[in-house]
Every structure is written in structure tokens, then in C-alpha cells.
Number of protein chains: 2
Amino acid sequence: MRLTSFTDFGLRALMRMASDPHRAFSTAELADEFALSRNHLTKIMQRLAEGGFVTTRRGSGGGATLAPSPESISLGDVVRLLEAGQPLVECFATRENSCNITGRCRLKARLRSAEAAFLADLDRSTLADIALPISQMPQPATPVPA
Amino acid sequence: MRLTSFTDFGLRALMRMASDPHRAFSTAELADEFALSRNHLTKIMQRLAEGGFVTTRRGSGGGATLAPSPESISLGDVVRLLEAGQPLVECFATRENSCNITGRCRLKARLRSAEAAFLADLDRSTLADIALPISQMPQPATPVPA
DNA sequence: ACGTAATAAGTATTTACAATACCACTTATC
DNA sequence: GATAAGTGGTATTGTAAATACTTATTACGT
């Protein structure tokens with residue numbers, strides 16, 4: 001049972017951004033914190049922007065900012081967005097799956113139920129509950145003045 | 001959010017075997033039903049055997065048989081076994097993970113809780129609840145007599 | 001009873017594929 | 001012109017699966 005790294009990093013980014021909801025965070029800054037390539041994180045941010053969780057702005061002073069308030073974003077909603085199109089098991093995916101007992105299978109319904117329970121549990125928390133205050137962040141490497 | 005194919009096929013195999021709990025199923029037979037290579041399924045069966053869910057016997061007339069009764073095997077237990085060592089997110093895996101906020105992170109606990117909710121929901125069902133009667137199986141290719 | 005053939009699990013190695021991540025480059029905004 | 005998001009392509013890694021081979025056990029013919 002595994003979430004994609006997209007979801008993992010997406011949650012971390014939002015957790016970080018929730019600590020200062022009106023500030024714009026550049027992908028460069030966050031990527032540096034996560035020790036991840038900036039372009040890779042950019043793609044994750046795009047998904048978050050598509051989902052309406054953040055707004056992005058180019059250019060100087062730009063970056064990504066939380067769109068709604070941290071209290072109004074449930075963890076379940078974030079996971080639903082980022083895990084969209086990620087089937088729990090193969091037969092959840094397409095109508096053209098290899099399972100030849102679709103329709104008679106009583107396992108599928110149980111798995112769906114469990115998945116729903118997972119998300120429902122996450123819905124009990126919002127970004128506000130997990131915001132990571134900046135004071136608790138590890139010290140960034142001090143930029144050496146030239 | 002995804003289960004490994006190991007878990008997927010393992011559940012399918014058990015579901016199938018639960019329909020006739022005392023019969024020995026050969027990996028060849030089940031692999032054929034699932035359109036999967038026999039050796040691959042063998043590895044899955046080995047894991048199920050290690051976990052005590054089935055017993056295997058070599059040689060003619062051998063195969064895998066459900067060890068306990070279907071009623072006493074909860075779906076949660078099967079998933080726990082087959083997904084063992086499969087971290088929900090990276091930071092669940094090793095102490096040497098890349099996340100530098102371990103300890104202060106409040107996300108982790110929420111994810112653990114959700115994972116537990118997932119398994120708890122599965123625990124509400126047993127193999128007996130999902131057994132697929134043989135009469136409902138698709139017709140196997142008729143063996144041509146020589 | 002014994003030896004042999006057939007059945008079936010177990011093991012090792014390799015291959016294919018998708019997820020992950022990086023790099024080079026482009027576009028927009030201050 | 002400097003900053004920062006966005007895009008396309010490519011390498012890498014890890015999972016999934018197949019192939020080829022080995023070992024164990026039963027059944028059956030003599």
C-alpha cells in the first residue's frame with residue numbers, strides 16, 4: 001500500500017506552505033528543502049494549481065501561494081487529487097482489465113470500502129492541523145556572501 | 001494509492017481457494033486462470049505459505065490448500081502480510097529517509113491513522129465473505145483427450 | 001517391493017516496463 | 001535584466017513478469 005511520490009511531496013509542500021498561508025513560495029526554495037530537482041517539483045505544483053489548492057505567479061516576487069485557507073483544505077481532498085488515476089488494484093483501472101470475473105467478484109466492493117475509509121479518516125484533518133511553523137524548520141544552508 | 005500486484009493476485013488466489021477449502025490447487029491451474037506465469041504465482045504462494053494462510057505440497061496430487069478455515073482469515077490480515085515492507089510514503093520506510101523534519105512532522109501520524117482505518121475496514125470481512133464458487137468461474141479450456 | 005515417469009513446487013536469472021527524477025531550454029512577469 | 005514558472009525530452013531506478021532450470025513427491029507398471 002503506497003502513495004505516489006507526487007502525493008508525498010505535494011503534501012509536504014502544502015504542509016510547509018500552510019505555515020505562512022499568504023506568502024509565495026518559489027519552487028526553487030521548496031525543492032531545495034526537499035533535496036529535489038526544481039523542475040520535478042514544478043510538475044507537482046502544477047497539479048496542485050490545477051486542483052485549485054495553490055495559485056502560481058511567474059516572475060520576480062512570484063511563486064506558489066495557498067489558494068484557500070489551510071482550514072478549508074482537508075488532507076483527503078489533497079490525496080484524492082494527487083492520487084487520481086492511481087487504481088488501488090488493477091481491476092479498478094480500466095474496463096479492459098485482465099480480471100475475468102468482474103461483476104461476480106465480491107472482493108472489489110470490500111476494497112472500495114476500505115479505500116473510502118482511508119480517505120474518510122484523512123478528511124478529519126486539514127492543512128491547518130499539520131502546518132509546520134517556519135521556526136521549526138531545519139536551518140537552511142547559510143548563503144555564502146560573495 | 002496502490003496495492004502491489006502481489007497483494008492483488010494473492011487475494012484473488014485465496015478468494016478462489018476459499019470456494020473449496022480442502023482442495024489442493026496447483027499453481028499451474030491458478031496461473032492459467034489469471035493468465036499469469038506459473039513461476040510468478042509460485043512466489044506469491046510462497047509468501048502466503050510463509051504467512052500461514054496456505055500449506056503447499058509437492059508432487060502429484062499436491063498443490064496449495066487453505067490452512068485455516070476461510071472464516072478465520074480476515075482480508076486485513078492478508079493485506080498486512082503481503083504489503084509488509086511496503087511503506088505508504090517514503091518516510092515510513094527506514095530511519096535513514098530523506099525527510100529532514102521527522103519528529104516534528106504532524107502529517108505522519110495522520111497517514112498512519114488513515115492506513116489503520118483502511119486495514120480495520122478490511123478486517124470486517126473474511127475470505128468466507130468473498131469466496132468465489134467454482135460454478136461461477138469462467139469455463140476452463142476443455143482438455144482435449146488424446 | 002522397486003524403479004521409473006509424471007506431476008508439481010521451488011530457485012535463479014534475465015527481461016520489460018513504468019514511475020521517478022534530472023537536465024536543458026522556453027516563456028512570462030516584475 | 002533578473003527572477004521564477006512552465007515544457008519537452010532523456011536517463012535512471014525499481015517493480016513486475018517471464019524463461020529456464022532444479023528438486024521433491026506421488027502414482028503406476030513390472
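Quick caveat, the model's predicted, so the values are computed rather than measured. So that the names make sense, note that chain A is the first sequence line, chain B the second, and so on, each numbered from 1.
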Novice: Should we say atom CZ of A/Arg106 is surrounded by more than 12 heavy atoms from elsewhere, each under 6.0 Å from it?
Specialist: yes
Novice: What is the nucleic acid contact for B/Arg57, judged by heavy atoms within less than 4.0 Å: base, sugar-phosphate only, or nothing?
Specialist: sugar-phosphate
Novice: Pick base, sugar-phosphate or nothing for A/Ser37, based on heavy-atom distances below 4.0 Å to the nucleic acid.
Specialist: base
Novice: In whole angstrom, give the distance that lies between atom CG of B/Asp32 and atom C1' of D/dA17.
Specialist: 16 Å
Novice: What is the separation between atom CZ on A/Arg58 and atom P on C/dT27, rounded to the nearest whole Å?
Specialist: 9 Å
Novice: What nucleotide, of C/dC23, D/dA16, C/dC22, holds the atom closest to the side chain of B/His40?
Specialist: D/dA16
Novice: Closest nucleotide of DNA chain D for A/Ala49 versus for B/Lys43: which of these residues is on the 5' side?
Specialist: A/Ala49
Novice: Starting at CD1 of B/Ile44 and ending at P of C/dG10, how long is that distance when rounded to a whole Å?
Specialist: 13 Å
Novice: Out of C/dC30, D/dA5, C/dG10, which has the shortest distance to the side chain of A/Thr42?
Specialist: D/dA5
Novice: Rounding to a whole Å, what distance do you find between A/Glu90:CD and D/dT15:P?
Specialist: 18 Å
Novice: Could you state the atom-to-atom distance from CG of A/Leu41 to P of D/dT7 in whole Å?
Specialist: 15 Å
Novice: Name the nucleic acid region contacted by B/Ser5, choosing base, sugar-phosphate or nothing; use a 4.0 angstrom heavy-atom cut-off, strictly under.
Specialist: sugar-phosphate
